[in-house]
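Contents: one structure, followed by commentary.
For clarity, every value in this text was computed on a predicted model and none was experimentally measured.
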Amino acid sequence: MNKWNLIVSTVIICVFYASSSFAEVAVIVHPSNSNTLSIQDIQFIYLGKKKSFPNGDEAVPVSLIESASTTVEFNDKVLKKSSSQLRAYWSKLVFTGKGSPPKAVEADAELVNLVASNPNLIGYVDSASISGDVKVVGKF
Amino acid sequence: MRTGKILSAATCVLLFTFSVSAVAVDIKWNGFMSVIAGQTMDDGTTYMVDPTVGGLNSGALYDDKLRFSPDSLVALQAHANISDNLSATVQILGKGGDDYSPDIEWAYLSYEFNENVTVNAGRFRFPAFYYSDSLDIGYSYYWIRPPVDIYSVFFSRVEGVNVLFNKIVGPVELEAQVWWGGINIADDTELTSTSQNDITNNQGLALRATWNWFTYRTVYHTTDFRATTTSIVENDPDPMNPFWTQFGTEVGDPADFDIAFVGHAFMADIGNFLWRSEYATTNTKFPAAGVDVDVDVWYGSIGYRLHDFTPHITYVEKDDPGFFAAAAKTKTMTYGVAWDFTPGAVFKLEYLNRTIDSAGAEEDTSVLAFGIDAMF
């Protein structure tokens, strides 16, 4: 690879990296879910403090894996906690029997499929990954 | 004795694994580990960090040589869902201060009635003060250990039942926990006088309200405590000795105490500032000798989140009018920093200075400790 190609590749990679840092996070639910959710509702559900949607239906949160950039965005913009703070929060609950963190899946596509097939699930993905099979309740 | 304990703990985990696996149930494994070293800064001084592991001659004591035992520990927890609402959890813990002897710290069945009510039964750490039930999980707080002046109740677990209530009212999160249980523990250090301790009617109620950045928690907890002397040693170095000789307790004699604990905790997370404080009173009644004593402790702590670093400063004050030992006022300052160097592990460095004012004399102790708390 000559020097020119290397420079162009680096610039392109940098542009993609920069744009992915400002990626939008979309919080999604099943299309039949008619609830309106505030950021506090989403926080309560993801922190295990609430196990139902405002209309009383069971709410089961699903996450992406901790290392996913979308997870970092979600934790920062919606839960307002860093990875370490979230781990410390869950450690106090997991080891005293008061709760456990949401199940985590590796890929956006997998999460979209799960939410599209279960009316009780709530998830978050990069807004570029949403399809018509799910309903968006918030973008951050 | 130690081999027996390891075998029984391992057997318990294996039986748990096999009996649950037989119906193809997923077991979720978690754990935590602390590797901490420390020492006192002046020759001949000592600092006790965990009175639940055998008192003065245990490994839970810092002295003037660098020690890795007092605050180090490891725990492994297995959790399995038996049905939609029923789960089983077992946590095996080994403390450096106890030669890493594995012990079943928690073993309980949990039944979720609905989203607001859960009942647990089995062995559990009772939630006496704010950090009591999660005291072993260094990763969950910024100190190496929460102020020992509050967190030094000589027993930490009971076998019984507890009920957890949760409710969200608007932006306020409410939680109530009530428990009842008991436990029988042998105080079996070889070099001091010993007793068989029977804890019965141990019950408590804890209430917590969290509103955005502010949390208030209060607890009321009472227990009956019967200590039956099993051996008396001459020239006993244990400060409990005056009790045995002063009240004429002989081997086989039971001594009955009524103990009550009251605590208030005020916690606030405002932006990057973290405020931690508690006030606790322990009332001990020994009716046989007409003794009724209140020990008061309070602390205030400020932490500041600066990227991955959390420096903190804490002041503790304890007022003990004297019962087993002479009356003493204790003041402690702690300065420390926690560094979240990777998610799941935090490096901590802490320096504390304690002054005990007792019988007209002042005793100063300083401790430097550092190490890593991790969870997985």
Can you tell me which of [options] forms the most heavy-atom pairs within a distance under 4.5 Å of chain A?
| options | answer |
| --- | --- |
| B/S140, B/S87, B/A75 | B/S140 |
| B/A345, B/S110, B/P171, B/P127 | B/P171 |
| B/I168, B/V346, B/D340 | B/I168 |

Considering non-hydrogen atoms only, spot the tightest contact between [X] and [Y] and give its length.
| X | Y | value |
| --- | --- | --- |
| A/V94 | B/Q77 | O-NE2, 3.0 Å |
| A/S52 | B/E115 | OG-OE2, 2.6 Å |
| A/Q40 | B/G170 | OE1-O, 4.4 Å |
| A/S91 | B/Y139 | OG-CD2, 4.1 Å |

Kindly say whether A/T96 contributes a backbone atom to a donor-acceptor pair with the side chain of B/Q91 at under 3.5 angstrom? no
So, A/K50 and B/E173, do they make that salt bridge, N to O below 4.0 Å? no
Against chain A, label B/Y108 side chain, backbone, both or neither, depending on which of its atoms sit under 4.5 Å from a heavy atom there.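 The side chain, not the backbone.
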Honestly, the part of B/E105 sitting under 4.5 Å from a heavy atom of chain A is neither
Could you grab the distance from atom [atom1] of [X] to atom [atom2] of [Y], nearest 0.5 Å is fine?
| X | Y | atom1 | atom2 | value |
| --- | --- | --- | --- | --- |
| B/M375 | A/F95 | CE | CZ | 5.0 Å |
| A/K51 | B/N166 | NZ | CG | 6.5 Å |
| A/Q43 | B/N212 | CD | CG | 8.0 Å |
| B/L274 | A/Q85 | CG | CD | 8.0 Å |
| B/R305 | A/S84 | CZ | OG | 10.0 Å |
| A/S100 | B/N30 | OG | CG | 8.5 Å |

Is it the case that atom CH2 in B/W339 sees more than 12 heavy atoms from other parts of the structure closer than 6.0 Å? no
Atom CG of B/D84: over 12 foreign heavy atoms under 6.0 Å: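 Atom CG in B/D84 is not packed in, count stays at 12 or less.
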Cut-off 4.5 Å, heavy atoms of chain B, and the answer for A/F44 is side chain
I'd like to know whether A/K92 forms a side-chain contact (heavy atoms from CB on, under 4.5 Å) with B/I137, so could you lay out the CA-CA distance, the side-chain angles of the two residues, the decisive distance to 0.1 Å, and finally the verdict. CA-CA 7 Å; A/K92 195 169 150 72; B/I137 311 144; 5.9 Å; no
Contact winner vs chain B - A/S38, A/G97, A/S83, heavy-atom pairs under 4.5 Å: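 Heavy-atom pair counts peak at A/G97.
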